[in-house]
Number of protein chains: 2
Amino acid sequence: MNKLTGFVDLTSNEISVLREATAFPRRFDARQDLIREGDTPGPVFVVLDGWVCRYKILPAGTRQIMAFLLPGDACDLHMGMFPEMDHSIQALTPARVAVIPQADMHRMMEKHRGIARAMYMAQLVDEATLRAWIVSMGRRSSVERIAHLVCELYLRAHGSGLVTGSEFALPLSQIILADTLGMTPVHINRVLKELRLAGAMKLARGSLTIIDPIRLVQIAGFDENYLHRRLGQPVIATAESGHD
Amino acid sequence: MNKLTGFVDLTSNEISVLREATAFPRRFDARQDLIREGDTPGPVFVVLDGWVCRYKILPAGTRQIMAFLLPGDACDLHMGMFPEMDHSIQALTPARVAVIPQADMHRMMEKHRGIARAMYMAQLVDEATLRAWIVSMGRRSSVERIAHLVCELYLRAHGSGLVTGSEFALPLSQIILADTLGMTPVHINRVLKELRLAGAMKLARGSLTIIDPIRLVQIAGFDENYLHRRLGQPVIATAESGHD
DNA sequence: CGTGGGATTGATTTTTGTCAAGTTCTGTGG
DNA sequence: CCACAGAACTTGACAAAAATCAATCCCACG
């Protein structure tokens, strides 16, 4: 739960309420769907452990991943207002996910305004991340795209307490990266090689090593602003931002 | 305001409250920013007239448009929780925009739950639209992307009461389309020609004519599901959806 | 009438995808 | 502990898509 407290200060009471609400998580295998396109949206999901993604399969059979959910991330709490899911959600690794009924969540948010604030804040950040992805897909080259995604995931993993040094577990195959960034696995492979040869980063066997953080941030043109993390010591250096 | 009532039933009282809150809109010229990246987020904007977009300028000087706001659309009501805007918002045409102070908006939503529901619903749809754009940019060809965007905008314009027949005002230059879809203006031009020659649609002098709706929807692989409009007579035909 | 921004078109280059053939890795069952 | 099957990764050769460069052309507007 240190993810939510990353945005908003919660009282110890609120924290224990949250802990209680997520006390009995459900386990999912890698590649198991939490919910599928067309299903009736139900409870709010909160990821406690593992990596999860939102994705959509197109008629042609291709897949596009639209978001990653890391431990501490929650799925849209209002999704229940929709009659039907317009995309699917799947575990990428074995995962523990708290499944909180709509009604419970609403009651909790009514009673504990700090939790409500934290949830709204989290949703805002999710939305900002969607916009950042659109920017990447529209206006960044393939090298920049990969570098940018890695910067984002590094910071987010760090915020979820998954990172200690400059190396961290990134359980994303090149196929998953391709489906995320709108490229082919073959091309992902070549670009990863390029980044490796440039001495910026290395992805091997599910583990990512950031060799030259400054270089990587420069390549990505990364500006962490959109993640709206609360000020603290910078985790990695940041390229000058591009305000016009 | 018929946009919000498109999602949720509002009481006549709620409708008049909304009308009152938006009674004194501000006017913006085309190309004028409502708010810029780096600014402190302030009030909630509600577009009453004209076309508005969210966009971001990258360090290289390129622009990416991330969303269009049509009459009836509102900007994220919680944006005020962020210390600073991570993108800009600009009028594409002369526009009338209601500028509602945060506090007023919150009071209104506390008192009139129907309005709160409608706002949440609208935000959910905005988010679903961002996801749909990611899918387009990642996994659709340039022809499909343009066709898909046009289908979306046609339905949304229709929902905002801007359309009567199969022709409607689409005040987007090829340059704006390029910055929206992540392509170059030159390529947009060629694809538009292709769509024209295919007898699907024609865009000329700010006016879009859908010549063959079925064809256009087929080309786009369009499934309106993500817009979550309430059932009513279908506005244009829909291709079979791609649930797996 | 110019004039400037947008639209259009052709020629060429760059980027990315496609196809195809290995190679490495990982986990399973004997 | 080893053999093997399947999946992921890697690489090269080639094709397709899109960007870039460079002229015009066409209007709307002052």
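Convention: sequence-line order gives letters A, B, ...; per-chain numbering from 1.
- The CZ atom of B/Arg31 sits 15 Å away from the P atom of C/dG4 (whole-angstrom rounding).
- Protein atom CZ of A/Arg205 is 15 Å distant from nucleotide atom C1' of C/dG27, rounded to whole Å.
- A donor-acceptor pair shorter than 3.5 Å can be found between the side chains of B/Glu167 and B/Ser207.
- Ring orientation note: the planes of B/Phe28 and B/Phe45 are nearly perpendicular, at an angle over 60° on the 30°/60° scale.
- Using a 30° and 60° split on the angle between ring planes, B/His158 and B/Tyr154 fall in the tilted class, from 30° to 60°.
- Atom P of nucleotide D/dA18 and atom CZ of A/Arg139 are separated by 13 Å, given to the nearest angstrom.
- Heavy atoms of B/Leu192 sit nowhere under 4.0 angstrom from any nucleic acid atom.
- In this structure, B/His187 places its NE2 atom 16 Å from P of C/dT15, rounding to the nearest Å.
- When heavy atoms are screened at a 4.0 angstrom cut-off, A/Gly206 is found touching no nucleic acid atom at all.
- For A/Arg190 against C/dT18, a side-chain-to-base donor-acceptor contact under 3.5 Å is present.
- Going from atom CE of A/Met183 over to atom P of C/dT16 covers 8 Å, rounded to whole Å.
- A/Arg131 has a carboxylate O that lies under 4.0 Å from a charged side-chain N of A/Glu127, or vice versa, which qualifies the two as a salt bridge.
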